[in-house]
Amino acid sequence: MPNLTLIADTLQTLFTAEATRLAHTTGLVRRDSKLTGPLLLLVLVAGFIQHPTASYNILAPVAADYGVVVTRQAVQQRLRPAAVAFFQQLFAQSLQHLETH
């Protein structure tokens, strides 16, 4: 049976501290911005769960649901090669954590 506390703790770490660290190391976030690594992660995960074919016009309001008003262009500009590296490394970190626990 899965350890739900461990899963919750892992997700909390991935969606906060690890997403913040990786956003900076991959170049996804280069300066202080309201569209942080953790927020972009949350926007994409929540946005695509709610709307599997979501467009930038749908994803931008998802950020507002979490208290940050951004334009669709702001979301679009973040989804560049650095975002690919960010998500690859975040996924790798999650797999590594699963293997060690």
Side-chain angles (χ1 to χ4, degrees):
M1 179 163 192
N3 182 335
L4 295 180
T5 302
L6 179 61
I7 293 169
D9 290 345
T10 299
L11 287 173
Q12 181 70 27
T13 299
L14 288 172
F15 273 71
T16 57
E18 201 58 30
T20 298
R21 184 184 71 76
L22 289 174
H24 288 284
T25 60
T26 61
L28 177 67
V29 174
R30 296 182 192 142
R31 59 179 171 76
D32 287 339
S33 170
K34 56 186 174 179
L35 192 51
T36 64
L39 179 62
L40 184 62
L41 175 61
L42 188 58
V43 165
L44 293 179
V45 170
F48 284 113
I49 285 174
Q50 294 171 21
H51 307 280
T53 60
S55 66
Y56 299 121
N57 290 328
I58 291 172
L59 294 173
V62 174
D65 291 344
Y66 295 99
V68 179
V69 177
V70 295
T71 64
R72 70 173 235 15
Q73 291 87 355
V75 175
Q76 183 178 10
Q77 288 170 354
R78 281 284 193 270
L79 300 179
R80 57 186 195 278
V84 174
F86 168 77
F87 286 106
Q88 285 175 330
Q89 290 185 28
L90 190 67
F91 186 67
Q93 286 292 325
S94 67
L95 290 176
Q96 182 180 14
H97 189 80
L98 286 172
E99 289 174 355
T100 60
H101 289 92

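Predicted model only: the values in this text are computed from it and were never measured.
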A side-chain contact here means heavy atoms from C-beta on lying under 4.5 Å apart; do Thr71 and Tyr56 qualify? no
Val70 to Val75 - nearest heavy-atom pair and separation: CG2-CG2, 4.0 Å
What are the two closest heavy atoms between Thr26 and Ala82, and how far apart are they? O-CB, 3.5 Å
Residue pairs fulfilling salt bridge (charged side-chain N to carboxylate O under 4.0 Å, His left out) with at least one residue in residues 34-58, sequence neighbours excluded: none
Distance (rounded to the nearest 0.5 Å) between Gln89 CD and Leu22 CG: 5.5 Å
Any residue meeting side chain to side chain donor-acceptor pair (under 3.5 Å) with Gln88, in chain and number order, not counting sequence neighbours: none
Who pairs with Thr53 by side-chain contact (heavy atoms from CB on, under 4.5 Å), at least two apart in sequence or on another chain? none
In this structure, CG of Leu35 is separated from CD of Gln77 (nearest 0.5 Å) by 10.0 Å
So, do Ile58 and Ser55 sit near enough that their side-chain heavy atoms are less than 4.5 Å apart? yes
Tell me, please, which residues at least two apart from Phe91 pass side-chain contact (heavy atoms from CB on, under 4.5 Å). Ser94, Leu95
Using side-chain contact (heavy atoms from CB on, under 4.5 Å) as the criterion, list what pairs up with Thr36, not counting sequence neighbours. Pro38, Leu39
If hydrophobic clusters are built by linking Ile, Leu, Val, Met, Phe, Trp and Tyr wherever their side-chain heavy atoms come under 4.5 Å apart, do Leu40 and Val69 end up in the same one? no
Which atoms form the tightest heavy-atom contact between Ala23 and Gly37, and what is the distance? CB-CA, 3.7 Å
Rounded to the nearest 0.5 Å, how far does CG of Leu41 lie from CG of Leu28? 10.0 Å
Per the side chain to side chain contact (heavy atoms under 4.5 Å, CB included) rule, which among Leu11, Asp9, Asn3 passes with Ile7? Leu11
Same cluster or not: are Val84 and Phe87 linked, directly or through other Ile, Leu, Val, Met, Phe, Trp or Tyr residues, by side-chain heavy atoms under 4.5 angstrom apart? no
Does Leu44 form a side-chain contact (heavy atoms from CB on, under 4.5 Å) with Leu79? I'd like the steps, not just the answer. CA-CA 10 Å; Leu44 293 179; Leu79 300 179; 3.9 Å; yes
How would you list, by chain and number, every residue that makes a side chain to side chain donor-acceptor pair (under 3.5 Å) with Ser33, sequence neighbours excluded? Arg78
Name all residues meeting the side chain to side chain donor-acceptor pair (under 3.5 Å) criterion together with Asn57; count only those two or more places apart in sequence or in a different chain, and write none if there are none. Arg72
What side-chain hydrogen bond (donor to acceptor under 3.5 Å, both in side chains) pairs are there with at least one residue in residues 11-22, not counting sequence neighbours? Glu18-Arg21
Sequence neighbours excluded, which residues qualify as side-chain contact (heavy atoms from CB on, under 4.5 Å) partners of Ala46? Gln50, Val62, Tyr66
